Number of protein chains: 2
Amino acid sequence: MPDNSKSQQKTAEKDLSAQIAQAIRDAILSGDLVADDRLPSEAELSDTYGVSRPTVREALKRLAAQSLIRTKRGASGGAFVHRLSYPEAYGQLATTATLLLSLNEVDFATACRARFALERGCAPLSAQNRDVDHLAAMRAEITRQSQPGLSDEAFCASDVAFHRALVDGASNPVLSWHLAGAVEGMQPLMNMITFRNRDRAEIVALHIRITDALEARDAALIDQLLNALCTVTLRQAEATESLHAQKNSGARI
Amino acid sequence: MPDNSKSQQKTAEKDLSAQIAQAIRDAILSGDLVADDRLPSEAELSDTYGVSRPTVREALKRLAAQSLIRTKRGASGGAFVHRLSYPEAYGQLATTATLLLSLNEVDFATACRARFALERGCAPLSAQNRDVDHLAAMRAEITRQSQPGLSDEAFCASDVAFHRALVDGASNPVLSWHLAGAVEGMQPLMNMITFRNRDRAEIVALHIRITDALEARDAALIDQLLNALCTVTLRQAEATESLHAQKNSGARI
DNA sequence: TCCCCATAAATGTCAGACAATTAAATCGTG
DNA sequence: CACGATTTAATTGTCTGACATTTATGGGGA
């Protein structure tokens, strides 16, 4: 039996803990293990895979970091297949998105266009399924945004909440999840932008029109207004950028 | 000094490895550590945090599982802040999406509507930025899909490739990343659907019209056709479902 | 019957050691 | 002096064994 040994090409010769984690991950994603199933204890796993307990623990920690399992101490404790909740999935997505944008030098325009493209995609569904609660939430955020002397951070937060309410109007949690990740991941880039008062007024005006259009279930108009909002935001970013460039060049000379 | 102990509410009293991982994660996401920065060695970290090396290692494995760091052995080795590549980010997103859909009993209709909503969102950008390469790729997939006797898996794979080319036409990697995750996460649900020949013909016909519309840069038409495709897919899923229900009830009696 | 406590099972943590890998320093030789 | 082989040191990967901590369970006593 010559092929009993590990195939040197396929398994990629990674760490033992990575291999074990992959094996368990596959079992979960393929459905062999379903939510709330209990994995064997660390001692049993170390025996099964022929490795020490620390190695097994490293594998389990890898899975825990991906929210694939959760662990409980004590008798009748152990590692259990975790039913990923939406808030957790949101956190995972936000982390990945933030990392992807910030460490890959994705420019603001690309991220911004992607975000508005996704949001425009769910506008028709929002127009169809929106509830009075969503409209009320959006109007509340508009009131907040209109207050003078609001910090840039607070304005951004309110902006995010407004768009979140708009997306939630689609009543599609999967859609909300994607959009939340897209928006959250942009937050670091977004915080580099400063909104002048005139720009804020323009944005708030568009928000009001969007809310009205949503109330009227006018999907085409929402689409158009979101496009306008995207344009405004991009212009804003350019202005901030040129301002910084100017300042930097001035300081350098 | 009574408050020297861990604050019982704020730090949430998690595992030491989770706390350390969180601290390093924050340092990376906040920008204190940038790509390719080298972390202190495991021995130094264990000394810094006052824990043992296995505990530090568990923390590092958590971060590695999120592709936040990568490790290298040997002298001048260690843990380095990892620049997340798009393929890796794609894998992360796909894992989370698959988990979210399969372990949370998200019904096919919800996932399908979300996917097409996102795809319709990038249709205008694709119409604007599409290249001849994208059109060629889509036409190649259409040819593949039209072959009779194709297995359901192969048909699905070609379908995915077709839509991927459509999305890539937007020339926005962030957008492509989101869509790829949405589609990949649906794969397990998608594989439960069987496409009859008549349905396949209908889908391929729509694909042809979509490609033509993309060539003509007619965003509105693409939007309309994607809507139709969504409707067809949903009808398909319902048919498969009722078929299964029928079979199951028959077997049960 | 009800409460308290011992017990057992499991994860969490530690200490020390050795193996494997890799880059750099060292040495030897032409 | 130059260049290649060898040694060395630093670092991660893995193992062993032990102890601490948490928690469900069951038994004993009031």
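Predicted model, so just to flag it, every value in this text is computed and none were measured. Letters A, B, ... mirror the listed sequences (proteins, then strands); counts begin at 1.
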**OP:** Round to the nearest Å and state the distance from B:E58 atom CD to C:dC14 atom C1'.
**Re:** 11 Å

Subject >> Shortest non-hydrogen contact from A:N104 toward B:R83 >> reply: OD1-CG, 4.0 Å

**OP:** Output the single nucleotide from D:dC15, C:dA23, C:dT13 whose closest atom is nearest the side chain of A:V51.
**Re:** D:dC15

**OP:** Strictly below 4.0 Å, heavy-atom distances to any atom of DNA chain D: list the hits from residues 65-72 of chain B, or just say none.
**Re:** B:T71, B:K72

Original post:
Do A:D15 and A:Q19 have a side chain donor and acceptor closer than 3.5 Å?
Top reply: no

Subject >> Distance, rounded to the nearest Å, where A:D15 contributes CG and D:dC15 contributes C1' >> reply: 15 Å

**OP:** Verify, without hydrogens or angle tests, whether B:R130 (side chain) and B:A170 (backbone) share a donor-acceptor contact under 3.5 angstrom.
**Re:** no

What N/O pairs connect the protein and nucleotides 17-21 of chain D at under 3.5 Å? Give each pair on its own line.
from: D:dA18; atom 1: N6; to: A:R53; atom 2: NH2; distance (Å): 3.4
from: D:dT21; atom 1: O4'; to: A:R73; atom 2: NH2; distance (Å): 3.3
from: D:dT21; atom 1: O2; to: A:R73; atom 2: NH2; distance (Å): 2.9

**OP:** Using only side-chain N and O atoms of A:K14, determine if any of them is under 4.0 Å from OP1 or OP2 of D:dG13.
**Re:** no

**OP:** Scan B:D32, B:D36, B:L39 and name whichever one has a side-chain contact (heavy atoms from CB on, under 4.5 Å) with B:V81.
**Re:** B:L39

Original post:
Measuring from A:S102:OG to A:Q187:CD, what's the distance to the nearest 0.5 Å?
Top reply: 13.0 Å

Subject >> A:R57 side chain near C:dG12 phosphate (N/O to OP1/OP2, under 4.0 Å) >> reply: yes

**OP:** Could you please spell out the steps behind the side chain to side chain donor-acceptor pair (under 3.5 Å) verdict for A:T110 and B:N172?
**Re:** CA-CA 6 Å; A:T110 300; B:N172 187 316; 5.2 Å; no

**OP:** Pull out every residue in residues 41-50 of chain B that has a heavy atom closer than 4.0 Å to any atom of DNA chain D, ordered by number, or say none.
**Re:** B:S41, B:E42

Subject >> Test item: side-chain donor near acceptor, B:T55 and B:S52, under 3.5 Å >> reply: yes

Original post:
To the nearest Å, how far apart are A:L16 CG and C:dT21 C1'?
Top reply: 15 Å

**OP:** Indicate whether OP1 or OP2 belonging to C:dA23 is found under 4.0 Å from a side-chain N or O atom of B:S76.
**Re:** no

**OP:** Compute both the distance and the angle, then confirm whether B:R164 meets the cation-pi test with B:Y90: under 6.0 Å from the six-membered ring centre, within 45 degrees of the axis.
**Re:** yes

Original post:
Any donor and acceptor pair, going by atom type alone, linking the side chain of B:S158 with main-chain N or O of B:A154 inside 3.5 Å?
Top reply: no

**OP:** Could you state the atom-to-atom distance from CG of B:L60 to C1' of D:dT14 in whole Å?
**Re:** 15 Å

Original post:
Do any N or O atoms from the side chain of B:D37 and from the backbone of B:V34 form a donor-acceptor pair under 3.5 angstrom?
Top reply: yes

Original post:
Hey, does the side chain of B:E88 reach the backbone of B:S85 with a donor-acceptor pair shorter than 3.5 angstrom?
Top reply: yes

